[in-house]
Structures are given as structure tokens and as C-alpha cells.
Amino acid sequence: MFQAAVYSARREKLMSHISQGVILIMGNEESPMNYPANPYHFRQDSNFLYYTGIDSPGHSLLVDLEEGVSYLTGPQPDIHDLVWTGPQPSLDAQAAKAGISQVLSLSDLVKKLTKAHASGQPIHLLPPYRKERVFQVGEWLSASPAMVGQMVSVSLIQAVIQQRAIKEEREIAEMAKAVNLTNKMHLAVMKQARAGKTEAEVGSAAYQLMYEADCELAYPMILTVNGQFLHNHAKHNMLKKGQMLLFDIGASSPSHYAADLTRTVPVGLTFSPQQKEIYQLVLQSFEAAQEALRPGTPYQQIHLQVARVMVEGLQALGLMKGHVEEAVQAGAHALFFPHGLGHMIGLDVHDMEDLGEDLVGYNQEISRNNQFGLRALRLGRKLEEGFCLTVEPGIYFIPDLIEQWKSQQKFTDFINYAALTDWMGFGGVRIEDDFHITPTGAARIGEPLIKQIAEIEALA
């Protein structure tokens, strides 16, 4: 991870935003797969990682705002740990790497929390996404789950979001490492996209590169010939000529910073005329969004701008009709584009989503729109220098959704349902890259990955 001074400075900044009480940020424990001795692969809590850099289970960070002191608690390795896992760093050594000078036993941590609670000092917690955290704090303070829920601190959430939303250069560099590895994984998939192979066989090429780099996925891999389903994780289908293969794959760096890239290619890497039409329209939408990225521009506005580009293109193909702006305002485009343009990215692929999607992606100035499709936009607020985000437009032909809207005679002024008959088995196309917002615009994170039709067909 980073140097101890980085984590000390982050905690100092956090303390400047909270006036009184104690802050408790709990690291993750091992999570059993099917019994305690057989856990899932360990993933540390991202907030705990951000403020300590400690990537092992069982630790907690306590910040006493009255004292202005940070404490680390956690396991002290003994001979039994050595037998099973080899020598492990002591709690004091872990604390030193995080720039923390004070350590606490678990019993002393409980005493400090109990004293603060009894004296009426606020105990600031972040929203727990694992129930064992709720029960653990409840056990420490003899509190019910409802009482623990009341300790979730809006002021702490807002302070953490404000801090983590603006990425440091060292964080962007870590994401670039993840993107560059992900690029190699995507290229390997493209070269394997041949008829007669299963999705699992094709995806194995990406897994091999990831494991060779001693890295992990930032999220479960999406690799499917049924790209019309946005998060399709099935891997058993056989690739056939004429299909489009959509793959949404992101590795994480060794320090757990995420990449999130999507490409879509035809099986065999030669586009049909119909595939070219939709692919070029998605690429045009992507480029329009990329050009619009700059500080001060609401991402919700860029999403709607992309929707207009899509409507114009779909009209040229005879699939939509009517006034472009009216179609977008009504939400007719969401038949083909039913998700958001992108989201924040960082230590989490959907960065800080555990803190509350609306708190991360929206504010008092710009609130979430509940219109179908637009309500799935995770980031709507004005962009700021230092934000890191995805741009991922897509066009999909979802037979069940088309039939439902058609039977309801929905948006008949804008959608040419008769023309959609020839597109029902098309699937979907999505293109996605990661960007960071600069003082004057945006820059792609990491090295570029091919996306032009000629570049893809040259791999055949």
C-alpha cells in the first residue's frame, strides 16, 4: 500500500470534519463460504483500507476526537497462526505501517466505546453492509440492532464521501495498473471469440492473465452472447457465428483499486452490416460523452445528451421516430438504453456505494430522476476535478421488454415497433472506459484499449 504518512494525513483530514465523539471504522472479518474454516477469498472493507492500508482480517480503527488520537485493534498472531500461515506481523507492526502509534486490545476497545456511549458522546459508524458488524457492535455496547443503526452517522458518511471522491494521483496510478491488466484480458478474450467455444472457455483466457499477475477481479466477470441482459453471468452458452459477444471485465490492482471496461465484438471478429450500424452508434455515443466530460458539468446532463445521440441514430435506422427532444424527455429511448451512463470508480468498482448511492452520486442541487432507465444512473451530480468515473453507453434489444411496451402501446409516437421484428435476436452492445476529471476536461485512466471496428477486425 502507500506510506504511513498518507494514512495519517487522511485520518487528520477526516477528524477536521467531525467535531466530537469517537469514529469507529471496522475492517472486515473472514466470511464463511459454507463453514467457518472454509472462507471466501478475503476482501478488506474499502473505507478501512483507505484510512489504514491494512489488508488483513479482524482489525478496527477507533478515532477518539476528544483526544485527537487514532487506535488500532486486532489479532495478535501466536504460534498457532505461524503453524498454519507462517509468520505474521504483530499488531504494533501493522499499526506502524498505517502511521498509528496506539494499539488496543479488544477488551480495551470495548471499554473506550462503552465509556463514550455512557457519557453521551456520539459513536460515529458507517452503514454496515455485513450483518455480523451490527451484531458485533451490539454485543460490545449491549445494544439492539436498531440502536446500532441509530449510530450510523450522516456527518461521517458525508465527510468520507467528500474525501474519497477526489482521487489522489497515487490512486489514479493504481487504477491505471488495473486498467492496463484489464486491457490485456480483453484482448485475450477478443482473440478467443470464435464459434464453437463456450463462454467459459473464452473467459478462461482472461482469468489466466489475471492470476498470472497475482490479481483479482474487481467484480464478477460478465461475458455473454446474451448481451441484452445487463448483468448476465452465465457461462455455459456456445458461441455461434452471427452473435455479438459482450464482455464487461475489470481487474483490481494489488492495492484493490478497480478497473471497469466493456467491449462487444462479433463472434469471429467480422461485423455484419447490421452489427456495424449499432456498434457505430454506441461508439458515437461514447465519443459524445467523452467530449462532454469536464468540471462543472452535471453527469445527468451528459447522460441525456447521449440519449439524444442514440435517438437520432435509431431514427436513421428506422427504429425510432418523432421529435428527438420530446422522445428523450418522455424516456422512450430507455427501451434501448435502460441503464445509467456511468458511476464513480476507485477502491470499489461502484465507488463508495456502501455509503449510499444517492449520497455519492447526487446532492441537494441535482437529485435522482425516477424515470425508467434514468433512475439507474448512479452518478448525476456536477463533475469535479479529481473524480474518477466510467463512461458506458449501450444499446440493447430485450425481446420481453419490447413485447411488453408494444402490448401497452407505450411511446408509439416515438418507437417503430414493426421495424423491431428484424432485431429481436440481436443482443446488445456496450462500450466502456474509465476516466478521471482534469482541470479542463477528462483523461482516460491507463492505456487505451482498441474499440474501432477496423482495429477489432484486424485481430481476426
Side-chain angles (χ1 to χ4, degrees), residues 4 7-31 36 42 44-81 88-157 159-160 354-355:
Y7 301 106
S8 295
R10 288 176 176 177
R11 292 191 299 273
E12 288 290 335
K13 188 172 183 179
L14 179 64
M15 283 189 277
S16 71
H17 290 285
I18 310 293
S19 59
Q20 59 178 333
V22 297
I23 297 170
L24 178 63
I25 299 179
M26 301 174 70
N28 280 337
E29 301 279 359
E30 298 275 16
S31 185
F42 177 72
Q44 185 60 281
D45 174 77
S46 294
N47 296 300
F48 185 81
L49 266 180
Y50 183 82
Y51 289 107
T52 71
I54 296 172
D55 195 14
S56 54
H59 296 87
S60 291
L61 170 68
L62 182 73
V63 180
D64 191 316
L65 296 166
E66 308 300 321
E67 299 176 355
V69 175
S70 295
Y71 296 90
L72 180 71
T73 187
Q76 285 282 16
D78 59 21
I79 192 65
H80 301 288
D81 297 301
Q88 297 297 311
S90 67
L91 183 60
D92 291 283
Q94 294 267 42
K97 287 184 177 181
I100 298 173
S101 60
Q102 303 289 329
V103 299
L104 289 174
S105 66
L106 180 58
S107 61
D108 286 338
L109 171 69
V110 173
K111 288 177 183 177
K112 288 189 74 70
L113 287 173
T114 303
K115 181 180 177 182
H117 189 53
S119 64
Q121 288 183 294
I123 297 175
H124 299 276
L125 299 180
L126 295 173
Y129 52 87
R130 293 187 178 181
K131 291 300 182 185
E132 57 263 34
R133 285 181 175 178
V134 177
F135 295 123
Q136 182 70 77
V137 175
E139 180 183 332
W140 292 344
L141 298 176
S142 300
S144 68
M147 292 171 64
V148 174
Q150 293 171 4
M151 297 175 193
V152 171
S153 169
V154 174
S155 59
L156 178 58
I157 292 170
V160 171
D354 61 303
L355 302 179

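Computed from a predicted model, the values in this text were never measured in an experiment. Throughout, numbering of the chain's residues begins at 1 and tracks the sequence.
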Minimal non-hydrogen separation, [X] against [Y], with atom names:
X: A159; Y: L14; result: CB-CD1, 3.9 Å
X: Q94; Y: S56; result: NE2-OG, 2.9 Å
X: L91; Y: P75; result: CB-O, 4.2 Å
X: S8; Y: G99; result: OG-O, 3.3 Å
X: I100; Y: S70; result: CG2-O, 3.4 Å

*More than 12 heavy atoms of other groups within 6.0 Å of K97 NZ*: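 Count not over threshold, so no.
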
*Check each of L72, V69, L62, T73 against Q102 using the side-chain contact (heavy atoms from CB on, under 4.5 Å) test, and report the only one that passes.*
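Filter result, single survivor: V69.
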
*Summary of side-chain hydrogen bond (donor to acceptor under 3.5 Å, both in side chains) pairs that have at least one residue in residues 13-23, sequence neighbours excluded*: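 Qualifying pairs, neighbours excluded: none.
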
_Check: Y50 main-chain N/O paired with N47 side-chain donor or acceptor under 3.5 Å_ =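 Between the backbone of Y50 and the side chain of N47 there is no qualifying donor-acceptor contact (under 3.5 Å).
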
*Is the backbone of Y51 close enough, under 3.5 Å, to the side chain of R11 for a donor and an acceptor to pair up by distance?*
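A pair under 3.5 Å: yes.
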
_Derivation of the side chain to side chain contact (heavy atoms under 4.5 Å, CB included) call for V137 and I123_ = CA-CA 11 Å; V137 175; I123 297 175; over 6 Å; no

*Applying side chain to side chain contact (heavy atoms under 4.5 Å, CB included), run through D55 and L49 and close with a yes or a no.*
CA-CA 7 Å; D55 195 14; L49 266 180; 4.2 Å; yes

*May I have all residue pairs that pass salt bridge (Lys or Arg N to Asp or Glu O under 4.0 Å) and include part of residues 127-154, sequence neighbours excluded?*
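Qualifying pairs, neighbours excluded: D45-R133.
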
